[in-house]
Protein chains: 2
Amino acid sequence: MSDLLARLRDRHWRLTAQRRVVAQVLDGDHVHFTADEIHARAVALLPEISRATVYNTLGELVALGEVLEVSTDGRAKRYDPNAHHAHQHLVCESCGTIRDVHPSGDPLGSLPATERYGFSVSGVEVTYRGLCPNCAQK
Amino acid sequence: MSDLLARLRDRHWRLTAQRRVVAQVLDGDHVHFTADEIHARAVALLPEISRATVYNTLGELVALGEVLEVSTDGRAKRYDPNAHHAHQHLVCESCGTIRDVHPSGDPLGSLPATERYGFSVSGVEVTYRGLCPNCAQK
DNA sequence: ACCCTACCTTAGACATTGTCTAAGTCAACA
DNA sequence: TGTTGACTTAGACAATGTCTAAGGTAGGGT
């Protein structure tokens, strides 16, 4: 994560206490928090941080390619700090838990030219859906 | 589409004017409207139809498996009446247009057991992203 | 043909998530 | 250490979706 802060400094980001706290909350490669969850955790570390700043900071991190935005369910977007290793998501339909997964094969290659309708295709997202062990039990 | 209405009657759906109009708007296999767009088109056919009824009806059609709900961007969900032929989506990042596409291979098969973390995986969605010919030109 | 009644529809309040604005604050450079 | 433009703030606003209580009606039963 200090790598992240270093990269951001290189890009002339002002290192404010608020931005540091958001980065700290996102630390760890396997969290998929919503903006509200990030705000709640940030407030625990820096009580006066505002919702707007959390949204601003997340938006900037996404624009810089340091964090991925995932909307798996039309509810709140989730933010995925694991932006530097290609992966896909496995989502529990019941509790919303997300796991990072690594399918075999190149998903982009599976779309033949005749199915591209003149689009310039730049990316692909694969979302597997199911029940996590916990929810399957109930 | 009369098939749809027939199937719904078989399931003891009350065929109200409102539900007929929503079904009519969804007619055609390649539309991907938002709830608001569906409401606007429904109002043109039946001025007194309410927003709540459109939401209710769409929710029921989704629960019955007659319509798919797609949220490609964290904005408004879109409703896809092409629920009976497996397909994936190609989305224009600029204007939001969606095309139905048919990739080769079985996307579910690409997730090895060691990457399933005990989940019972029941489905997979593939979303290709890019620019449509129109937006690419600009 | 006409009642019933359970199911459907309605308007509008409310909830959730996200965006914007105007004023105040502060990180970084000189 | 002073200056300045980028950053942060509270709260209003916007977009989308859900809920409620009251009234309407489709369709079965007669």
Side-chain angles (χ1 to χ4, degrees), chain A residues 5-25 32-64 66-80 96, chain B residues 5-25 32-64 66-80 96:
Chain A
L5 293 180
R7 280 197 302 276
L8 295 176
R9 196 163 25 233
D10 288 350
R11 306 211 212 181
H12 309 105
W13 241 42
R14 253 188 220 187
L15 280 197
T16 66
Q18 290 84 349
R19 288 173 168 181
R20 251 187 277 263
V21 162
V22 170
Q24 188 176 340
V25 169
H32 301 88
F33 293 138
T34 64
D36 255 18
E37 289 166 349
I38 292 167
H39 179 235
R41 283 168 172 75
V43 163
L45 302 172
L46 183 71
E48 70 272 27
I49 192 172
S50 77
R51 235 163 46 91
T53 294
V54 171
Y55 276 104
N56 286 343
T57 304
L58 290 172
E60 289 155 7
L61 288 171
V62 169
L64 290 173
E66 295 288 348
V67 166
L68 299 175
E69 208 174 51
V70 286
S71 40
T72 53
D73 63 348
R75 302 291 310 274
K77 290 176 193 160
R78 291 177 176 274
Y79 293 88
D80 180 348
Chain B
L5 293 179
R7 280 197 300 278
L8 295 176
R9 197 164 23 234
D10 287 351
R11 305 211 211 180
H12 308 106
W13 241 43
R14 238 179 234 194
L15 280 197
T16 66
Q18 290 84 348
R19 287 173 170 182
R20 251 187 278 263
V21 163
V22 170
Q24 187 176 341
V25 170
H32 302 87
F33 293 138
T34 64
D36 257 17
E37 289 165 350
I38 291 166
H39 180 234
R41 285 167 171 75
V43 162
L45 301 172
L46 183 70
E48 69 271 28
I49 193 172
S50 77
R51 234 163 46 91
T53 295
V54 171
Y55 276 104
N56 287 343
T57 304
L58 290 172
E60 289 155 8
L61 288 171
V62 170
L64 290 173
E66 295 288 348
V67 166
L68 300 175
E69 208 174 52
V70 285
S71 38
T72 53
D73 63 349
R75 302 291 310 274
K77 289 175 193 161
R78 292 177 176 274
Y79 293 89
D80 180 348

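Values in this document were obtained by computation on a predicted structure and should not be read as measured data.
- Counting heavy atoms from C-beta on, the side chains of A:Leu8 and A:Leu61 come closer than 4.5 Å.
- Mapping B:Ile49 and B:Gly74 onto DNA chain C via the closest heavy atom, the residue that lands nearer the 5' end is B:Ile49.
- Contacts of A:Thr16 with the nucleic acid, taken as non-hydrogen atoms under 4.0 Å apart, involve only primed sugar atoms and P, OP1 or OP2.
- Nearest to the side-chain atoms of A:Ser50 among the listed nucleotides D:dT9, D:dT16, D:dC7 stands D:dT9.
- When the side-chain nitrogen and oxygen atoms of B:Arg19 are compared with OP1 and OP2 of C:dC8, one or more of them lie within a distance under 4.0 Å.
- Between B:Asp36 atom CG and D:dT18 atom P there is a gap of 13 Å when expressed in whole angstrom units.
- Ion pairing of A:Glu66 with A:Arg11 is present here, as a side-chain N (NZ or NE/NH1/NH2) and a carboxylate O approach within less than 4.0 Å.
- Here the CZ atom belonging to A:Arg19 is positioned 8.5 Å from the CG atom belonging to A:Asn56, to the nearest 0.5 angstrom.
- Side chain of A:His39 to main chain of A:Tyr55: no donor-acceptor pair is present (N/O by atom type, distance under 3.5 Å, no hydrogens or angles).
- In this structure, A:His12 atom NE2 and C:dC29 atom P are separated by 8 Å, rounded to whole Å.
- When all heavy atoms are compared, the tightest approach of B:Ser71 to A:Gly74 is OG-N, 3.3 Å.
- Atom CZ of A:Arg20 is separated from atom C1' of C:dA28 by 12 Å (rounded to the nearest Å).
- If you take CG of A:Leu58 and P of C:dT19, they are 10 Å apart, rounded to a whole angstrom.
- One atom, OH of B:Tyr55, and another, P of C:dG12, lie 17 Å apart when rounded to the nearest Å.
- As rounded to whole Å, 9 Å separates atom P of C:dC26 from atom CD of A:Gln18.
- Note on A:Arg51: a base of the nucleic acid sits closer than 4.0 angstrom, heavy atoms only.
- B:Ala52 comes within 4.0 angstrom of a nucleotide base, judged by non-hydrogen atoms across all strands.
- A donor and an acceptor atom never sit less than 3.5 Å apart when one is taken from the side chain of A:Arg14 and the other from the base of D:dC7.
- For B:Arg78 and D:dT16, the CZ to P distance is 10 Å, given to the nearest whole Å.
- The NE2 atom of B:His39 sits 11 Å away from the C1' atom of C:dT10 (whole-angstrom rounding).
- Projected onto DNA chain D by closest heavy-atom contact, B:Asn56 and A:Glu60 fall at different nucleotides, the more 5' of which corresponds to A:Glu60.
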